[in-house]
Amino acid sequence: MRSGGIVSRKKRMRPLCAGNHESIVNAGEKYDLAEETELGQIKVRLYQALDGLNRGIFGVPSAKKSEIEDLVRLLESQNPNPDPMSNLDKVGGCWKLVYSTITILGSRRTKLGLRDFINLGDFFQIVDVTEGKATNVIKFNARGLNMLNGQLTIQASYKVASGSRVDITYERSTITPDRVPNGLTKFENLMNVFRQNYNLLLEIFNPEGWLKITYVDNDLRIGRDNKGNLFILERSDET
């Protein structure tokens with residue numbers, strides 16, 4: 001697991017006199033290095049804690065959930081960009097979900113076929129800061145038939161509410177296959193299960209409400225919403 005990049009924040013220190021300028025600058029550089037190393041170590045520990053959890057979508061043991069929450073709070077306390085809405089380059093682009101406290105358990109998991117023949121793939125979020133739009137894409141496929149893929153796409157708009165918070169409005173959603181195969185009953189069943197439980201899907205994944213970005217750097221973003229959910233995403237090269 002990679003720990004990701006760290007945003008450098010150099011501290012400029014004015015020399016008190018010509019004789020001690022070098023020592024003060026070096027001290028500042030050592031301080032920055034120590035700060036960055038600590039952030040990097042926390043991120044490594046967080047990725048280790050997330051390993052094997054399948055984004056938390058089917059539940060996480062309480063002890064592990066507490067461990068993740070503690071590490072997240074450590075990162076949040078050292079957020080290098082506390083006002084991300086004033087630096088939208090840090091927010092825009094494509095992000096991949098690595099952990100969420102949103103879960104699909106019990107009868108909801110059964111109704112969506114996630115015990116039997118449907119696999120959930122990657123979750124992506126594409127943020128268009130120019131248009132004020134966010135698109136969530138949830139990939140899925142027929143179990144054992146990875147070439148038969150589809151996706152749930154949820155489009156929303158957002159308005160900046162503060163330096164770290166946005167208000168989100170749901171606009172529309174669609175369920176589509178990547179391609180429509182002929183004569184493949186299992187794939188047709190996959191699509192029908194999701195379509196028949198459309199309201200349940202939106203109940204789980206509808207982003208409407210507000211979202212506060214509590215940590216963001218070059219490749220990691222953490223957010224919390226009005227429903228009490230936690231989201232951890234990493235920057236992705238997907239288009």
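Source: prediction; values computed, not measured. The chain is numbered in sequence order, starting from 1. Values below: every heavy atom of this structure, side chains too, minus hydrogens, waters and symmetry copies.
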At their closest point, which heavy atom of [X] faces which heavy atom of [Y], and how far apart are they?
X    : Y    : value
S236 : F124 : OG-CE2, 3.6 Å
R224 : W210 : O-CZ3, 3.6 Å
N226 : G209 : OD1-CA, 3.4 Å
S162 : M85  : O-CG, 3.2 Å
W95  : R221 : CD1-NH1, 3.3 Å
I175 : L152 : CG1-CD1, 3.7 Å

Take a 6.0 Å sphere around NZ of K227 and say whether it holds more than 12 heavy atoms from other residues, nucleotides or ligands.
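Yes, enclosed.
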Has [X] got a side-chain atom pairing as donor or acceptor with [Y]'s backbone, closer than 3.5 angstrom?
X    : Y    : value
D217 : L220 : yes
R235 : K90  : yes
D83  : S86  : no
N54  : G56  : no
D167 : A161 : no
E171 : Q155 : no
S164 : K212 : no

Would you say the side chain of [Y] lies within less than 4.5 Å of the side chain of [X], judging by non-hydrogen atoms?
X    : Y    : result
E208 : T169 : yes
P207 : Y158 : no
F231 : L211 : yes
F205 : N136 : no
E203 : L200 : yes
N87  : V216 : no
I154 : L202 : yes
Y170 : S157 : no

Nearest-0.5 Å distance that lies between atom [atom1] in [X] and atom [atom2] in [Y]:
X    : Y    : atom1 : atom2 : value
R73  : L75  : CZ    : CG    : 12.0 Å
T153 : I138 : OG1   : CD1   : 8.0 Å
N119 : N141 : CG    : CG    : 5.0 Å
I57  : L120 : CD1   : CG    : 6.5 Å
I102 : I204 : CD1   : CD1   : 8.5 Å
I232 : T101 : CD1   : OG1   : 9.0 Å

Does E69 pair with K65 as a salt bridge, N-O distance under 4.0 Å?
no
May I have the list of side-chain donor-acceptor pairs in residues 105-113 shorter than 3.5 Å, sequence neighbours left out?
residue, atom, partner, partner atom, Å
R108, NH2, T103, O, 2.6
T110, OG1, G106, O, 3.4
T110, OG1, R115, NE, 2.9

Side chain to side chain contact (heavy atoms under 4.5 Å, CB included) between Y99 and L46: does it pass, once the steps are laid out?
CA-CA 10 Å; Y99 177 77; L46 177 61; over 6 Å; no
Are N79 and T214 close enough, and set up right, to give a side chain to side chain contact (heavy atoms under 4.5 Å, CB included), and what steps lead you there?
CA-CA 7 Å; N79 185 7; T214 57; 5.7 Å; no
